[in-house]
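Step one of this worksheet: look at the structure below.
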Amino acid sequence: MADSTNERNELTVAVLGPGGVGGLLAALLSRAGHRVICLSGEETAKTLRADGIRVRSARFGDFTARVEAVSELREPVDACLVTVKHTALDTALRRVPVPAVGDGLIVPFLNGVEHPAALRARYRPDRVAPAVIRVESTRLAPGVIEHTSPFAEIDLAGTDVPRARLDALAEALTAAGSATGVQDDETATLWAKMSFLAPFALLTTRYGLPLGEVRTRHRDELTALVEETAAISRACGGPSDPARALARYEAFPPAMKSSMQRDAEAGRPLEVDAIGGALLRAAERHGIAAPVTDRVVGDLRLVHPFA
């Protein structure tokens, strides 16, 4: 643990990539009294040092939080929240040198299921604690975050991470405003998100349509993708309930878009490989046919040059 932890259980937390998710968590933790160090490019860091992070949120209110901001971690922390997109992960990790992390947790909030193994190959395996977050939060400009969902919920896991470390971070995140639970089954936690995210992200991006139109105009493909993903999840040790996944889609607003679709609209690199590619690699390992997934992923790679 970092030296700054005291009798009030204040933590020192680094946030790699203070965007929509990272910026919101950084601001909430700072407002709750924790020391927060944002890791970003120098221009963004300069803005954060001068102006802090401004949050607009019906759930948490509108507020400004002061944070430290540097381009590279230079001291031990209790936890480093990794909140960049998978497409930027390799480059971003240069800001988190292995010696600087010390005994700190590495907590990735990334889409997909393959990143924990990559992080464990780089950092202490028993300090990598994958997390899943349910939230809608967008960076409007450096240091300006708009949180639009009425919730911010986190599942925290880590197969070999000491439970006390997970509990301490979960307590801090919950007290700051993000309801956080510690899950015993890391695989189930990651695949539960993958099973919902993959069909939604792949189809909304492939057709450039919000969820409501995908549900009606491409219903058969959505159903097939959900069933293929459920079969792959089951083979990998994750949950498998296609009917529940389809019911969740029905409950969402028809105008809802996936983050991958928004990235495509903005011309940003897409996480097709981290989501669709990982799904296909898992299917191949377990001998599961996934023809619809294969076709949709192939179409995306043809249509979008940054997929």
Side-chain angles (χ1 to χ4, degrees), residues 2-85 88 92 95-96 100 104-110 131-154 156 168-180 257 259 262-263 266 268:
D3 293 339
S4 62
T5 305
N6 57 31
E7 67 276 4
R8 295 177 57 195
N9 295 319
E10 292 175 4
L11 303 179
T12 296
V13 179
V15 177
L16 177 62
V21 170
L24 177 65
L25 295 179
L28 290 173
L29 286 166
S30 173
R31 184 171 70 166
H34 301 284
R35 181 186 175 206
V36 176
I37 306 170
C38 290
L39 307 173
S40 67
E42 187 51 46
E43 285 302 311
T44 295
K46 182 178 179 181
T47 298
L48 298 183
R49 287 194 295 267
D51 302 329
I53 298 177
R54 290 170 286 169
V55 174
R56 306 173 188 173
S57 170
R59 169 71 177 82
F60 299 119
D62 295 353
F63 67 96
T64 298
R66 310 303 303 183
V67 296
E68 299 174 43
V70 294
S71 60
E72 181 178 306
L73 186 64
R74 300 183 179 90
E75 61 183 281
V77 293
D78 294 299
C80 178
L81 311 186
V82 182
T83 57
V84 297
K85 290 289 182 76
R95 304 191 189 283
V96 189
L105 300 182
I106 297 291
V107 187
F109 287 81
L110 275 75
V132 167
I133 187 168
R134 291 173 290 277
V135 71
E136 288 183 47
S137 186
T138 305
R139 187 188 89 150
L140 302 180
V144 181
I145 307 298
E146 183 176 52
H147 169 233
T148 54
S149 59
F151 52 82
E153 302 167 345
I154 296 171
L156 188 62
L169 180 58
E171 180 181 350
L173 288 166
T174 297
S178 299
T180 304
K257 296 181 178 182
S259 60
R262 295 185 186 279
D263 285 340
R268 293 189 288 263

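- Using a 4.5 Å cut-off on side-chain heavy atoms (C-beta onward), L110 and V82 make contact.
- The backbone N or O of T64 sits nowhere less than 3.5 Å from a side-chain atom of R54 that would complete a donor-acceptor pair.
- A side-chain contact (heavy atoms from CB on, under 4.5 Å) with S178 holds for exactly one of L24, L28, V21, L29; it is L28.
- The side-chain contact (heavy atoms from CB on, under 4.5 Å) test with L25 is passed by exactly one of I154, V135, V13, V15: I154.
- F151 is not listed as a side-chain neighbour of R59, based on a closest heavy-atom distance of 4.5 Å or more.
- The shortest side-chain heavy-atom distance between D263 and K85 falls under the 4.5 Å cut-off.
- Between R35 and E68 there is a salt bridge, since a side-chain N of the basic residue sits under 4.0 Å from a carboxylate O of the acidic one.
- Taking every heavy atom of both residues into account, S137 and G20 meet most closely at OG-O, 2.7 Å.
- For the pair V132/E153, no side-chain contact is recorded, criterion being any heavy-atom separation below 4.5 Å from C-beta on.
- The main-chain N or O of A26 is never found under 3.5 Å from a side-chain atom of S30 such that the two would form a donor-acceptor pair.
- Taking all atoms of both residues into account, the shortest heavy-atom contact from A131 to V107 is CB-CG1, 3.8 Å.
- In this structure, the side chain of T83 engages the main chain of G17 through a donor-acceptor pair within 3.5 Å.
- Residues R66 and A50 approach most closely at NH2-O, 3.2 Å, considering heavy atoms.
- Side-chain contact between D78 and L169 is absent, with no heavy-atom pair separated by less than 4.5 Å.
- Of all heavy-atom pairs between A168 and L11, the closest is O-CD1, 4.3 Å.
- Looking only at distances, a side-chain donor or acceptor of S40 sits under 3.5 Å from a matching main-chain atom of A45.
- Within the 3.5 Å criterion, the main-chain N or O of V36 finds no donor-acceptor partner in the side chain of H34.
- For the pair V70 and L39, the minimum side-chain heavy-atom distance is below 4.5 Å.
- Between the side chain of T12 and the main chain of V77, no donor-acceptor pair closer than 3.5 Å is present.
- L16 has its side chain within reach of R95: a pair of non-hydrogen atoms, C-beta onward, lies under 4.5 Å apart.
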Take I145 and I53, measure what side-chain contact (heavy atoms from CB on, under 4.5 Å) needs, and give me the verdict at the end.
CA-CA 7 Å; I145 307 298; I53 298 177; 3.9 Å; yes

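- Around the CZ atom of R49, the shell of radius 6.0 Å holds more than 12 heavy atoms that belong to other residues, nucleotides or ligands.
- Electrostatic pairing of R262 and E136 does not count as a salt bridge here, judged by no charged N lying under 4.0 Å from a carboxylate O.
- Residue C38 holds its SG atom at 9.5 Å from CG of L81, rounded to the nearest 0.5 Å.
- Of all the heavy atoms in V84 and A92, the pair that sits closest is CG1-CB, 3.9 Å.
- Considering all non-hydrogen atoms of both residues, L48 and G143 come closest at CD2-CA, 3.5 Å.
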